[in-house]
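Comments concern the structure below.
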Amino acid sequence: MRIPIQNVTPECGHAEVCGWVHEVRDLGGLAFMLIRDRTGIIQVTIPKKKVPEAVLAALKAVSRESVVRVTGPVKAIDKAPGGRELVPESIEIISLAETPLPLDVSEKVLAEMDTRLDARFLDVRRPRVAAVFEVRSAACFAINQYFHENGFTNITTPKIVAAATEGGTELFPIAYFDKEAFLNQSPQLYKQMMMAAGCERVYEIGPIFRAEEHNTTKHLNEATSIDIEVSFADHLEVMRILEDLIVRIYEYVNKTCSTQLANLEITDFAVPKAPFPRLPYAEAIEIAKKKIDEPIKYGDDISPAAERAIGAEMGGHYFIVDWPSEIRPYYAMQYEDDPSICKAFDMMHPRMELSSGAQREHRYDILVNQIRRKGLNPESFEFYLKPFRYGMPPHAGWGLGADRLVMTMLGLSNVREAVLFPRDMHRLVP
RNA sequence: GCCCAGGUAGUGUAGUGGCCUAUCAUGAUUGCCUGUCACGCAAUCGACUCGGAUUCGAAUUCCGACCUGGGCGCCA
């Protein structure tokens, strides 16, 4: 029976371990072989005069990163790493790795991102890389748990859609039998439709696709979005849900991922505190004006430099609220007393935007007017507008970038670090 | 799409016109070595992205292509 390496102790007496050959050090009459599985590394010590002929043959034939099965007695030895070692009765080479390797798993020489992504399967063998995806998995678990505890229904919406439903971003066209179709940029319209379906509280974690030719460390053409929509809620209520969720994710990672955080050399993991500050857009612009040189005025989008300047001032997660209606989508609800601003918000990490959301306009006539005022034709929105004519509750929601969440939580410099197989302008393989 | 910086052994690098038969590290191969833990020692192997131009001479300068990193723009 195979034992995970972290569970191998002298008390086991005898053990069988399976894993990858991390390193071999041959001292002559004595050799050391380090075996790694996802739980840890164990030293296999081979006194050449005392082990079977077949073990010597395997030692000679094996290459780094080959998969092996090793059996033998476990001994407590102070001078061995972890205080224990395995003396092999048998070493079976299950899968011999070719040499040389496309990158150095033992990290003596660090590879560049492009090289790493080309051989991602080897890259992820590095504990510090695996740790990112283990933390990402823990975060996903915390998210699912939070939503289930809070009465949300998990939904799955189509990723193949007929038309550009929101305008703005470029879509990827695909061949769909004899029709034109696209990869969906957002589940926005579908989750709103689920409000008309009476589901009241829905969430989805899924891929979104954007055909923008951007070339930055925080944009990808395929991203993972965490989306919610809540009936009978306003923007303030879904903002509370969002900050609550962020705190929950950080707490859960902090509680369950100490090994992974150690592998990532993160010693100061800080759980943010709710509530996050609410910074009106107009004030955000004033901060940016004071701190950076470029010309900024009310009504502009917030540039990356402005985002960083405001983030430095705020020092932690925060919301930007009360956005000008003209720079938010048609479906954002405007304030009754001042229609020039709307009930939309962005949730920011000091480094970048993580989420945006709003209370939606649920009143059919007003919504149609807002579509017109954006210069769009309501007739092409019929599939979206139809549910609003048959009993649509007031509702609000947001979308949160999962990749950026992991990136900012772990202080990664490039969003590609947080995605197993990132898709950008240049990369389609593997 | 624009701008900037790059492309040298499997990996990561040094090298600004001749001293390059190209540096160093890591790796691979072989040999020696009984407590390594980035083991050590010795030998060997392995590279200038592609095409064109300038020049007596190009890794190095110029032009073009392709590729990569970063910034900006774009990004419901």
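Just so it is clear, the values below take in all heavy atoms, side chains as well, and ignore hydrogens, waters and symmetry mates.
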Can you check whether any acceptor in the base of B/U68 is under 3.5 Å from a donor in the side chain of A/Glu112, or vice versa? no
Can you see if the side chain of A/Lys108 gets near the phosphate of B/G27 - specifically, an N or O under 4.0 Å from OP1 or OP2? yes
Does A/Thr115 put a side-chain nitrogen or oxygen below 4.0 Å from OP1 or OP2 of B/G12? yes
Rounding to an integer number of angstrom, what distance separates B/C63 and B/U54 when you compare their C1' atoms? 11 Å
Measuring from the side chain of A/Asp104 (C-beta onward, heavy atoms only), which nucleotide among B/U26, B/U36, B/C72 has the closest atom? B/U26
Considering every strand and a 4.0 Å limit on heavy-atom distances, what is the contact class for A/Ala31: base, sugar-phosphate, or nothing? nothing
Look at all strands and tell whether A/Leu27 reaches a base, only sugar-phosphate, or nothing, counting heavy atoms closer than 4.0 Å. base
What integer distance in Å separates A/Leu59:CG from B/C33:P? 14 Å
Using the P atom in both, what is the distance from B/G7 to B/U60, to the nearest Å? 11 Å
Side chains of A/Phe133 and A/Leu420: closer than 4.5 Å at any heavy-atom pair? yes
Would you kindly give the CG-to-P distance between A/Asp118 and B/G69, to the nearest whole Å? 10 Å
Is it the case that atom CZ in A/Arg38 sees more than 12 heavy atoms from other parts of the structure closer than 6.0 Å? no
Using the P atom in both, what is the distance from B/U26 to B/A42, to the nearest Å? 12 Å
Looking at B/C72, I'd like to know if its phosphate oxygens (OP1 or OP2) sit under 4.0 Å from a side-chain N or O belonging to A/Arg308. yes
Under 3.5 Å, side chain of A/Asp346 to main-chain N/O of A/Glu353, donor-acceptor pair present? no
Taking 4.0 Å as the cut-off, does a side-chain nitrogen or oxygen of A/His214 come that near to OP1 or OP2 on B/C72? no
Closest approach to the side chain of A/Asp114, judged atom by atom: which nucleotide of B/G12, B/G70, B/U68 is it? B/U68
In whole Å, measure the gap between the C1' atoms of B/A38 and B/C74 for me. 46 Å
Round to a whole Å and report the spacing from CD of A/Glu213 to C1' of B/C72. 14 Å
Can you confirm whether A/Leu410 sits close enough to A/Ile266 that some side-chain heavy atom of one is under 4.5 Å from a side-chain heavy atom of the other? yes
A/Glu382 atom CD: more than 12 heavy-atom contacts under 6.0 Å: yes
Taking 4.0 Å as the cut-off, does a side-chain nitrogen or oxygen of A/Asn414 come that near to OP1 or OP2 on B/G70? yes
Out of B/G12, B/G35, B/G71, whichever nucleotide has its closest atom nearest the side chain of A/Ala111: B/G12
Hey, is the side chain of A/Thr217 poking within less than 4.0 Å of OP1 or OP2 on B/G71, counting only N and O atoms? yes
With no angle test and no hydrogens, is the base of B/C75 tied to the side chain of A/His219 by a donor-acceptor pair under 3.5 Å? yes
Are the side chains of A/Leu354 and A/His317 in touch, meaning some heavy atoms are under 4.5 Å apart? yes
Check each of A/Lys291, A/Arg351, A/Lys218 against A/Glu307 using the salt bridge (Lys or Arg N to Asp or Glu O under 4.0 Å) test, and report the only one that passes. A/Lys218
Spacing of the C1' atoms in B/A25 and B/U13 (rounded, Å): 8 Å
A/Glu85 (side chain) and B/G35 (base): donor-acceptor pair under 3.5 Å: yes
Counting heavy atoms from C-beta on, name the nucleotide in B/G69, B/G73, B/G35 closest to the side chain of A/His426. B/G69
Regarding A/Pro102, tell me which of base, sugar-phosphate or nothing describes its non-hydrogen contacts under 4.0 Å with the strands shown. sugar-phosphate
Closest nucleotide of RNA chain B for A/Arg328 versus for A/Arg64: which of these residues is on the 5' side? A/Arg64
Distance between C1' atoms of B/U8 and B/C20 (Å, rounded): 12 Å
Please report, rounded to the nearest Å, how far the P atom of B/A38 is from the CD1 atom of A/Ile41. 12 Å
Going by distance alone, is a donor N or O of one side chain under 3.5 Å from an acceptor N or O of the other, for A/Glu294 and A/Ser303? yes
Winner on side-chain proximity to A/Phe32, out of B/U11, B/C72, B/U36, is B/U36
Interatomic distance at C1', B/A9 relative to B/A14, whole Å: 14 Å
Of B/G31, B/G73, B/U36, the nucleotide closest to the side chain of A/Pro304 is B/G73
Using a cut-off of 4.0 Å on non-hydrogen atoms, how would the nucleic acid contact of A/Asp301 be classed: base, sugar-phosphate, or nothing? nothing
Gap in Å between the two C1' atoms, one belonging to B/G17 and one to B/C56, rounded: 12 Å
Side chains of A/Arg389 and A/Tyr364, donor plus acceptor under 3.5 Å: yes
Are A/Phe172 and A/Phe209 close enough, and set up right, to give a ring pair (Phe, Tyr, Trp, His ring centres under 6.0 Å), and what steps lead you there? CA-CA 7 Å; A/Phe172 286 110; A/Phe209 305 91; 7.1 Å; no
When the distance from CG of A/Leu30 to P of B/U34 is rounded to whole Å, what number comes out? 8 Å
If you only use heavy atoms from C-beta on, which nucleotide in B/U36, B/G27, B/G73 is closest to the side chain of A/Ser303? B/G73
Where each pair must be Watson-Crick or G-U wobble with both distances under 3.5 Å, what dot-bracket representation of RNA chain B is obtained, with crossing pairs in [ ] and other-strand partners as |? (((((((..(((.....[.....)))((((((.......))))))...(((((..]....))))))))))))....
Toward the 5' end of RNA chain B, by each residue's nearest nucleotide, A/Ser413 or A/Asp227: A/Ser413
Which whole-number value in Å describes the distance from A/Met425 CE to B/G70 P? 13 Å
Can you check the A/Glu23 CD to B/G27 C1' distance for me, whole Å? 11 Å
Hydrogens and angles aside, do A/Arg404 and A/Ser355 bring a side-chain donor and acceptor to less than 3.5 Å of each other? no
Counting side-chain heavy atoms from CB outward, which of B/G31, B/G12, B/G10 is closest to A/Lys60? B/G31
Atom-to-atom span, CG of A/Asp424 to P of B/G71 - whole angstrom: 13 Å
